[in-house]
Engineer: 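Sharing a structure, written as structure tokens. Questions coming.
These numbers were taken from a predicted model, which means no experiment stands behind them. A, B, ... follow the sequence lines: proteins, then strands. Residue 1 opens every chain.
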Amino acid sequence: MDQVADQTVTLENWDELTDDQLDVLERKIAAKYIHIVPWGAVAWGIGNTLLWLSLWPLVLLDILPLWLGFIIATFNCALAYLPSHEAQHSIIAGKGKPLRWLNELVGHVSLIPFSAPFRVARATHMAHHRHTNDPVLDVDYDTTARNGWHFLYKSILRRQPGSKSKEAYPAALARTEQSHLMLDILIVNIFYLAVLFGMAWTGHAIEAALLWWLPKNISIVYVEHYLSWMPHHPGKETSRYRDTRAFKSKLGNIGSMGMQYHIIHHLFPRIPLSQHPAVYREMKPILQRKGCDLGEL
Amino acid sequence: MEQVIKILFSPTAFAVGFLWPLVAQTLIATNTIGTGWQVWMIAALIVTPFAASAQLRGSWIWIR
């Protein structure tokens with residue numbers, strides 16, 4: 001077995017390997033990438049939020065035109081989630097590690113433009129990983145859709161005040177005995193509304209709408225599309241190698257925020273996003289043998 | 001306390017706190033209507049059906 005583990009999966013005889021041998025190779029490949037600190041994600045998370053915060057004085061002081069601020073803010077909001085996602089999985093630093101504080105800082109700070117609470121995102125995202133594609137227990141299951149237009153339609157409906165999908169996160173927190181984190185949701189949303197209401201009634205409603213409210217809502221569609229819907233479509237299987245797929249995005253890997261290789265993330269959640277393409281290339285023969293849906297990638 | 005939170009996060013609060021001034025300021029910024037009480041009345045007329053639908057039916061856009 002050790003000899004097999006030392007070989008690469010591009011060996012001509014790889015399809016003669018047993019399932020156990022493939023598992024060893026899979027873990028061996030993953031191990032090479034797991035302990036890499038994603039400094040790019042650290043800079044991305046903190047820099048993105050600082051850039052977004054700087055838009056407010058720049059626009060309000062007429063240094064930056066509002067239309068340009070809106071475009072930048074939309075990118076900021078769309079880019080806000082993934083650095084926090086790295087932190088949710090403790091990829092920057094695990095518990096007890098010297099850089100743990102940085103992991104938590106990136107998690108909290110990067111989500112500010114998205115106005116989402118980090119600890120809730122972490123708790124509910126773990127539920128998604130544990131129960132991917134489970135209609136009841138997967139908090140993101142409601143993003144499943146027949147096609148892109150159906151996804152968009154459902155995404156709009158999910159944002160309505162009476163939507164039942166709003167109950168998925170509190171329910172997941174309750175199931176995992178973390179209902180105390182509802183306070184985080186409350187604090188973040190009160191702050192978000194206070195800013196919107198305060199700006200609106202001091203004559204800056206359009207600025208608030210174009211720097212936060214609209215960018216955030218556009219971004220939610222984009223993030224859910226690439227992080228939830230596309231990688232798990234059609235959302236019917238729950239096994240390790242079939243609950244997530246690889247796919248070729250029309251917007252490429254950067255335009256889809258690296259989600260073409262999301263299957264790697266679900267197999268090994270501690271591997272940094274930036275390493276997914278390399279891991280995928282190395283692991284592809286194994287994934288094919290395991291019956292994964294790799295699309296055209 | 002629970003009642004206060006419900007009111008704060010209600011569609012009506014969002015309509016009054018944000019959408020109403022947003023629509024009014026948009027009408028002014030686009031020179032659709034001049035400043036004055038009329039713009040606030042028209043903004044309220046525009047926002048009210050959406051707010052009522054959201055509050056009573058649970059959807060800003062009727063469908064749900």
Engineer: Can you tell me how far apart CG (B:Leu22) and CE (A:Met199) are? Round to the nearest 0.5 Å.
Structural biologist: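 One gets 11.5 Å once the value is rounded to the nearest 0.5 Å.
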
Engineer: Does NZ in A:Lys166 sit with more than 12 non-hydrogen atoms of other residues, nucleotides or ligands closer than 6.0 Å?
Structural biologist: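 Result for NZ/A:Lys166: enclosed.
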
Engineer: Looking at A:Tyr192, I'd like to know if its OH atom is crowded, meaning that more than 12 non-hydrogen atoms belonging to other residues, nucleotides or ligands lie closer than 6.0 Å.
Structural biologist: yes

Engineer: Where do A:Ala200 and B:Gly17 come nearest, in terms of heavy atoms and distance?
Structural biologist: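 The pair with the smallest heavy-atom distance is CB-O, 3.5 Å.
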
Engineer: Of all the residues in residues 215-234 of chain A, which have a heavy atom that comes within less than 4.5 Å of a heavy atom in chain B?
Structural biologist: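 Residues in range: none.
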
Engineer: For the residue pair A:Leu186 and B:Phe9, what are the closest heavy atoms and their distance?
Structural biologist: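 Nearest heavy atoms, A:Leu186 then B:Phe9: CD1-CE1, 3.5 Å.
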
Engineer: Check the orientation of B:Phe14 and A:Phe197. Use parallel for under 30°, tilted for 30 to 60°, and perpendicular for over 60°.
Structural biologist: tilted

Engineer: Which of residues 53-64 of chain B get closer than 4.5 angstrom to chain A, counting heavy atoms alone?
Structural biologist: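 Heavy-atom contacts from residues 53-64 of chain B to chain A are B:Ala54, B:Gly58, B:Ser59, B:Trp60, B:Ile61, B:Ile63, B:Arg64.
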
Engineer: Kindly check if the number of other-residue, nucleotide or ligand heavy atoms within 6.0 Å of CZ (A:Arg146) is above 12?
Structural biologist: no

Engineer: With rounding to the nearest 0.5 Å, note down the distance linking CG in A:Asn189 to CG in B:Leu8.
Structural biologist: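 CG of B:Leu8 is found 9.0 Å from CG of A:Asn189.
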
Engineer: Of all residues at least two apart in sequence or in a different chain, which pass the side-chain contact (heavy atoms from CB on, under 4.5 Å) check with B:Met41?
Structural biologist: B:Trp37

Engineer: Quick one: pull up CG in A:Leu193 and CZ in B:Phe18 and give me the separation to the nearest 0.5 Å.
Structural biologist: 10.0 Å

Engineer: Of all the residues in residues 153-162 of chain A, which have a heavy atom that comes within less than 4.5 Å of a heavy atom in chain B?
Structural biologist: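 Residues in range: A:Tyr153, A:Ile156, A:Leu157, A:Gln160, A:Pro161, A:Gly162.
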
Engineer: Report which part of B:Ala24 has an atom under 4.5 Å of a heavy atom belonging to chain A: side chain, backbone, both, or neither.
Structural biologist: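 Neither the backbone nor the side chain of B:Ala24 comes within 4.5 Å of chain A.
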
Engineer: Determine the minimum heavy-atom distance between B:Gln25 and A:His204, stating which atoms define it.
Structural biologist: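 Where B:Gln25 meets A:His204 most closely, the heavy atoms are OE1-N, 3.5 Å.
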
